[in-house]
Structures are given as C-alpha cells and as structure tokens.
Protein chains: 2
Amino acid sequence: MNVTPGRGPLYRQIREWIVARIVHGDWRPGDILPSEINLAAGFGVSQGTVRKAVDALVAENLVIRHQGKGTYVAVHTPHRELFHFFHVLGRDGAKPQPTTSQLISCRQRRAEKEDLGCLHLRPNARVVDIFRVRNLRDRPVILERVIVPSKLFQGLAESGDVPNELYQLFEKTYGVTIHKVVEEISAELATVETARYLDIKPGAPILAIERRAETLGGMPVEFRRSLCDSRDYIYSNEIV
Amino acid sequence: MNVTPGRGPLYRQIREWIVARIVHGDWRPGDILPSEINLAAGFGVSQGTVRKAVDALVAENLVIRHQGKGTYVAVHTPHRELFHFFHVLGRDGAKPQPTTSQLISCRQRRAEKEDLGCLHLRPNARVVDIFRVRNLRDRPVILERVIVPSKLFQGLAESGDVPNELYQLFEKTYGVTIHKVVEEISAELATVETARYLDIKPGAPILAIERRAETLGGMPVEFRRSLCDSRDYIYSNEIV
DNA sequence: GAGTGGTCTAGACCACAGA
DNA sequence: CTGTGGTCTAGACCACTCT
C-alpha cells in the first residue's frame, strides 16, 4: 500500500486510494474492506487516520460499516434504487411503489448524435435502446426510453432480461455501479403516441424527466428519458 | 453547560445541545461559537469529542469553520439561496441567474384551508400573500405566489419591501432561517391569466413547483407555488 | 475469546488570522 | 505573539459478531 507522497492530508490520500481501488474494480460491491487496523498498519499511520478516511466514504454512501463485522463496499439494494434515485411520488404523498413494466422494445442500434454526446461515445458506436411503460398501482404512468452503450452491456439486448430495477442488474451482471444521476425536468404536451401508451388524451400535460447517470469514476453510462403522467403523480425533491 | 445525562454518545449530546441553542435563537446566523477548547472545558470532555460534534454540524451546513478565526453559525448568502435552493436552469445548461421581479400584489389576508394545513396555522390566522413575476435574462419566466404567516413577518405586507431573494430578508429582518425545503414538481397547462403574465399561449405546458419550507426547528414557514415557463428553462436535480 | 467497529482521551505539532 | 481550527498519534475501553 503506497500513497502519492506529499499531496494533502494523509486521511484524504487514503480515502482517494480506497476510492481508486473501488473504481478500478479491485473491491466490488459487497466485498469486505481490510479492517481499519490492518489498513492503518499497511499505510503506516494510526487507526484514527484511517477512520477519518472511512468516515468520509460512509458519508458518501460508498461503503457501509457493520459494528463487530467489518466495512463493506456499498451495494445497490432495491430500497436504495427506489428511495434514493426514484423521485416520482403519488400526489397524495404515497411512498414510492415498486413498479411493474411492459417492455415495448429492446434492441441494439447505432448511436445517434444525441446519444454520442450524452454517453461520450465514438461515432458508429452501438447502444442498447430499451423502450417500456412502467406501471404504478397497476396503471400505466411512465413511458420511458433507456439508452446504454452496448459495449458495457454485452448481450443485454439479446437476453430479453429487463427487470424494473435496472441498476441492480447493471451492478450484478455487468459490474457497472451507478453512483450519480443528474435529472432535468420539464413540462411537455403528450403526443398522440405518448397518449396512447399512457391512456391519456393527446395534448395533456406531461412531466418529462431526462436523466444522465454515471459511475463512480465519472463515466456516463445511461441516458434515460421518462414521460410521466402528471395527473396523479409528481416529482418530489427535498433540499436541506 | 449541562447535557442530558446518559443518552447516547457524548458527541451527539453536544451536537444536539448546540443545535438547541441555535434553534432557540441564543446563537444567531453570523454569531461566533465558543472555541472548541472552551466548549470542551465547559462540557468537561476532550477537544476531540467537541470536534466530532462540530464536524456533524459542518456537514449539515449549520455552521462554518474558518481556520485561525473560529466557528460561525451559517448565514444565508445570496449564493446559497441561488445555488442551493433555486433549481431552475436554462435549457442550455446556463448557471442560475440572479432574478429581477415585478410585484403584482402583496397583501395580508385570512388564511384559506389549504394554507392552514401547509403552515400549521390556527383557523382565522392571517397570512401575507405575495404575488409576483420573476424575470430571467429580462424575460418573464416564473409566476409565483408566496404565502407566509403574518405572525412571523409583522409589517412585511405593509413595508412593500419584497426583494428577489426572500430568504435573506427573512433571516436578517425577521430572524427566520429557512433550513429545509420540499418541492413537488408537476406539469400543467397555462391558464389564460398565467399565459398573460408569462407572455405565452394559453394551454402551453407549464412546470408547477410547489414548495414547503421550514426552519431548523421543523416549523413550516413558507408555502410557495411557482409556475415556470418550460420552453427555455428546466428544473434540475442532482442525486449522489 | 478473538476480531471488528465505536467512543473518548491527552497530547503533539502545523497552518492560519489578527493584534 | 496568541488563539483559532486542522491533522495525527497511541492508547484505552466499550459494544457487537462470530467461532
């Protein structure tokens, strides 16, 4: 264990060293980290210094501590995907619900200009294009298109395995962990096609949610455009 | 300085004791806290324990540390209001802009049923009702109604002093610090009235942003409904 | 009992601000 | 120069998990 010499406080260097190992895939979600004492010995520092580094990682949801057991790289639970990344709620304040979905299409195609920019792809790169309707409480609410690079998700288009919670699939099957998403919400009018899928009238107001998701290393891996029937559902955001 | 005995770790008790002083108004935004050494002496603990308590407060944006000077209760800068609480951005990715606004009306009235629920008021309580258009880049973009309890903001309706950044006014003049906001975003169609104010067509898609804001102590103090022309602007949200 | 994380201490030294 | 926060150490003891 060696740390870049002289750049900032030790605890920060150690934090970054650990992050690098996770980004690089040496430690994968669910793996246990070396104990604080072992890390400290490895770096030749005191346990308190390692502790401060790990404190930061815990605050960032990168690792989880279990007293008496150890420290683990965080995994994408359904709970996290639903409560942390999914912000569509019932107007009545109902908690987010697990969704079901009907797959409309899932195919591989050449990336278009818009995809290239979002996903930082080279021209002629291929993407997987998932198109589906998501149901909340047994009614169609969200018409959604998900674009991911084929290169990272080999066989996804052919497998036909498209669960509702995609991020767990990404993590478990393809080793891609979503760490940060940026969403842009705007208002639009339902097109005839959208209206048909969502069982609403053309011209009805629609929440359009565009999401760009990236991994811990900052690599963009998903572009998603969700059209949400806004009659009974809203987008919720809490700022502290 | 006395701390509730026996309830949880010391650093947590100390953190809560400090929070209580801020909530109670003993320490107001901009005030300096006692030094860590003095706090430690007052509580009869080591400096490290106080430090851990203050670490938590820093992470929550409640206080700010300045090396060599001291630790201060956080203040609402224009920067914070604009970059932390205001999530409307240009479609082109432009940073948030300071807004100008035209006041349409600012009056006191009896709280309606909806206001009572949001603001936890008693029947017959009075509220200040601010109605205005906010401009971004010299064009009307947001039609906004802000409701606050008259009791907390004595003289606001009469003063006619309604700056664009309200939260600094709330803090400086009325001693009310906004700490947390919850926003619900939905899509609507512009009414004739809305369309006139925003210089758009009736029936155009509109982002409706409903905000409930509360103080550090959890007291709701503002209800705000903003109707945003969604042609050139979007609501942006980053989730990590 | 051995090993883990969780809390707390007492003290050292550094970096920075201000008189 | 003094006082502040910022980093780091070495060690103590506790709470918890697992064997």
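Throughout, protein chains are lettered first and strands after them, A, B, ... in sequence-line order, and every chain is numbered starting at 1.
- First and last contacting nucleotides of DNA chain D toward chain B (any atom under 4.0 angstrom from a heavy atom, 5' to 3' order): D/dG3 to D/dT7.
- For the side chain to side chain donor-acceptor pair (under 3.5 Å) test, no residue two or more places apart in sequence or in another chain qualifies with B/Q154.
- With sequence neighbours excluded, the residues that form a side chain to side chain donor-acceptor pair (under 3.5 Å) with A/S186 are B/R91.
- Taking B/H79 as the reference, B/F83 meet the ring pair (Phe, Tyr, Trp, His ring centres under 6.0 Å) condition, with sequence neighbours excluded.
- Among residues two or more places apart in sequence or in another chain, the side chain to side chain donor-acceptor pair (under 3.5 Å) test is passed with B/T100 by B/N135.
- If you check residues 53-66 of chain A against DNA chain C, the residues with a heavy atom closer than 4.0 Å are A/R65, A/H66, listed by number.
- Under the ring-ring contact (aromatic ring centres under 6.0 Å, His included) criterion, the residue pairs touching residues 47-74 of chain A are A/H66-A/Y72, with sequence neighbours excluded.
- Contacts between residues 67-77 of chain A and DNA chain C, defined by a heavy-atom separation below 4.0 Å, involve A/Q67, A/G68, A/K69, A/G70, A/T71, listed by number.
- Contacts of B/R225 classified as salt bridge (charged side-chain N to carboxylate O under 4.0 Å, His left out), with partners at least two apart in sequence or in another chain: B/E188, B/E210.
- For residues 44-70 of chain B, every residue pair satisfying the salt bridge (Lys or Arg N to Asp or Glu O under 4.0 Å) rule, not counting sequence neighbours, is listed here: B/R15-B/E60, B/E36-B/R51, B/E36-B/R65, B/D55-B/R65.
- Taking the six-membered ring where the residue is Trp, the centroids of B/F85 and B/H76 are separated by under 6.0 Å.
- Listed by first then second residue, pairs satisfying salt bridge (Lys or Arg N to Asp or Glu O under 4.0 Å) with a partner in residues 76-87 of chain A number zero, not counting sequence neighbours.
- Under the side chain to side chain donor-acceptor pair (under 3.5 Å) criterion, B/Q168 pairs with no residue at all, not counting sequence neighbours.
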